[in-house]
Amino acid sequence: MPELPEVETFRRNLSQGNNGSPSVIGKVIHNADVLWNGVLEMPSVDEFLHRVPGQTVVGVGRRGKYLLLHLSQDTLILHPRMSGEVILEKQEKELGKHYRLILNFQDGTRFAFNNVRKFGRVWLTETLDDVLSELGPEPLSDDFTPEQLFDILQTCHRQMKYVLLDQHMIAGLGNIYTDEALYLANIHPRTKSDSLSFSEVETLWKSIRKVLNQGIENQGTSIDWIYKGGDYQRLLQVYKQDGDPCPRCGTTIKKTTIAQRSTHYCPSCQPAPN
DNA sequence: ACGAGCGCCTGTCGGC
DNA sequence: TGCCGACAGGCGCTCG
């Protein structure tokens, strides 16, 4: 599930609270539970359980698809991968079947990491670089410019679908927003990255920011049972729209496989490279 | 350097 | 109705 807009939605809900649920900021951790040991990348479960009690949540951040729970001493870094979500609720609620890690706060609420498939991971560290140093630039930051994107695309000779999914190149795009951004920019997903002109890259830069911003405005995309609460699925132009007419030209949207991922595009608006 | 294949997991959906 | 395979928002690894 979660790509940048969904993780940003988690971040905002935790940070600002949402429909009745309060902000997590200021809460003091009473204790923690690791319900499936594989979820914790670092440190050891024992050390984790000893280190978090007493720490206060001082902020909630995001880097790419990683959610950052800033504590008074450490940062809890969480990657939801395909099916993870975070929940803030009262401790008297029954534990979810797929909860992998929880933080119990002194005020009777808890933070839960729910993860149906066990792909998601959690780190606790004082040094964010331990986990995040290899990530590419943050696509919505002011520092991210068309020039920078152009430079990144020039460093390799790979198909655009691969490049946009590669978190070392740009952090935060997943399968849905990659297809949508390439469609908006009229770029075929097999186009080689270093073959794009600067003006094509400029259009792509705008497209990436547009789909991510629209995704955030709509609280992400809900296309199946895993993630609910988003509305962006109503605005999807190509993702899962194969067989339907292209909103721009009426050509039938096609589906293929690139980078072992389902890939959707308009064969007419996004002409195949030579 | 690039990309295919696979493994990690659990649940849902469609076809038979 | 039930079984079985395909598929799913991600990513790291090996191999050619």
Side-chain angles (χ1 to χ4, degrees), chain A residues 1-11 35-42 62-67 77-86 96-101 113-123 130-136 152-182 189-195 208 211-212 214-216 218-243 255-264 273:
Chain A
M1 168 215 343
E3 306 181 30
L4 189 153
E6 290 77 26
V7 179
E8 177 63 17
T9 301
F10 294 154
R11 190 195 70 75
L35 304 163
W36 177 66
N37 286 354
V39 74
L40 198 57
E41 283 282 330
M42 79 191 296
R62 180 190 57 75
R63 177 77 172 91
K65 302 174 192 172
Y66 292 81
L67 182 73
I77 304 175
L78 183 153
H79 196 312
R81 293 274 184 102
M82 291 273 276
S83 60
E85 60 183 333
V86 295
K97 186 178 169 190
H98 304 293
Y99 285 7
R100 309 302 180 193
L101 181 145
F113 179 36
N114 188 49
N115 192 209
V116 174
R117 290 170 219 151
K118 295 173 173 173
F119 294 166
R121 292 293 181 269
V122 171
W123 297 256
D130 285 349
V131 183
L132 308 175
S133 64
E134 304 291 309
L135 285 178
I152 289 169
L153 297 179
Q154 287 291 315
T155 63
C156 55
H157 183 69
R158 300 165 67 195
Q159 298 174 26
M160 285 305 299
K161 177 85 181 191
Y162 280 89
V163 175
L164 295 186
L165 287 176
D166 187 340
Q167 304 301 299
H168 305 104
M169 301 283 135
I170 305 169
L173 289 166
N175 208 31
I176 296 175
Y177 297 94
T178 291
D179 281 5
E180 293 295 312
L182 288 172
R190 290 203 185 276
T191 306
K192 295 287 190 174
S193 56
D194 59 353
S195 73
I208 289 171
V211 297
L212 291 177
Q214 283 188 330
I216 293 169
N218 289 276
Q219 288 87 47
T221 308
S222 301
I223 54 174
D224 66 17
W225 53 279
I226 291 181
Y227 174 76
K228 301 179 188 76
D231 276 327
Y232 193 61
Q233 66 279 5
R234 294 188 302 185
L235 299 177
L236 293 174
Q237 308 289 293
V238 286
Y239 188 83
K240 287 251 167 115
Q241 310 300 306
D242 43 302
K255 177 179 172 179
T256 185
T257 299
I258 304 175
Q260 288 79 245
R261 312 299 297 279
S262 65
T263 300
H264 314 75

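Within every chain, numbering begins at 1; the chains are lettered A, B, ... in the order of the sequence lines, protein sequences first and strands thereafter.
Partners of A:T263 under the side chain to side chain donor-acceptor pair (under 3.5 Å) rule, at least two apart in sequence or in another chain, are A:K161.
Taking atom NZ of A:K240 as the reference point, atom P of B:dG14 lies 11 Å away to the nearest angstrom. The distance between atom CG of A:L165 and atom C1' of C:dA8, rounded to the nearest whole Å, is 14 Å. Spacing between atom CG of A:L4 and atom P of C:dC11 amounts to 11 Å, rounded to whole angstrom units. One atom, CD1 of A:I223, and another, P of B:dC13, lie 13 Å apart when rounded to the nearest Å. A:E6 has its CD atom 16 Å from the P atom of C:dA8, to the nearest Å. Rounded to an integer number of Å, the gap from CG of A:D242 to P of C:dA6 is 18 Å. Atom CG of A:L164 is separated from atom C1' of C:dC11 by 16 Å (rounded to the nearest Å). One interatomic measurement links the two molecules: CG of A:D194 to C1' of B:dC2, which rounds to 12 Å at whole-angstrom precision.
In this structure, the nucleotide among B:dC2, C:dC11, C:dA8 sitting nearest to the side chain of A:H79 is C:dC11.
With a cut-off of 3.5 Å on both Watson-Crick or G-U wobble distances, the partner of B:dC8 is given as C:dG10.
Taking 4.0 angstrom as the limit, A:S262 places a side-chain polar atom (N or O) nearer than this to OP1 or OP2 of C:dA8. Between A:Q260 and B:dC6 there is no side-chain polar atom (N or O) within less than 4.0 angstrom of OP1 or OP2. Between B:dG3 and A:K161, no contact under 4.0 Å exists linking OP1 or OP2 to a side-chain N or O. The side chain of A:K255 places no N or O atom within less than 4.0 Å of a non-bridging phosphate oxygen (OP1 or OP2) of C:dC7.
Donor-acceptor pairing under 3.5 Å is recorded for the side chains of A:N114 and A:E85.
Annotation: salt bridge (Lys or Arg N to Asp or Glu O under 4.0 Å) contacts involving residues 169-178 of chain A, sequence neighbours excluded, are absent.
Aromatic ring pairs are classed by plane angle as parallel below 30°, tilted from 30° to 60° and perpendicular above 60°; the pair A:Y232 and A:Y177 is parallel.
Nucleotides B:dG5 and C:dA6 are separated by 15 Å at their P atoms, to the nearest Å. Spacing between C:dC3 and B:dC9 at atom P, rounded to whole Å, works out to 25 Å.
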* Structure fact -> Each nucleotide of nucleotides 7-12 of chain B classed B (base within 4.0 Å of a protein heavy atom), S (only sugar-phosphate) or -, in 5' to 3' order, makes -BBBSS
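Separation of atoms NZ (A:K118) and OG (A:S83) is listed at 11.5 Å; rounding is to 0.5 Å. In this structure, NZ on A:K255 lies 5.0 Å from NE2 on A:H264, to the nearest 0.5 angstrom.
In this structure, A:W123 has its ring center under 6.0 Å from that of A:Y66.
Contact annotation for A:Y232: no contact, since no heavy-atom pair falls under 4.0 Å across all strands.
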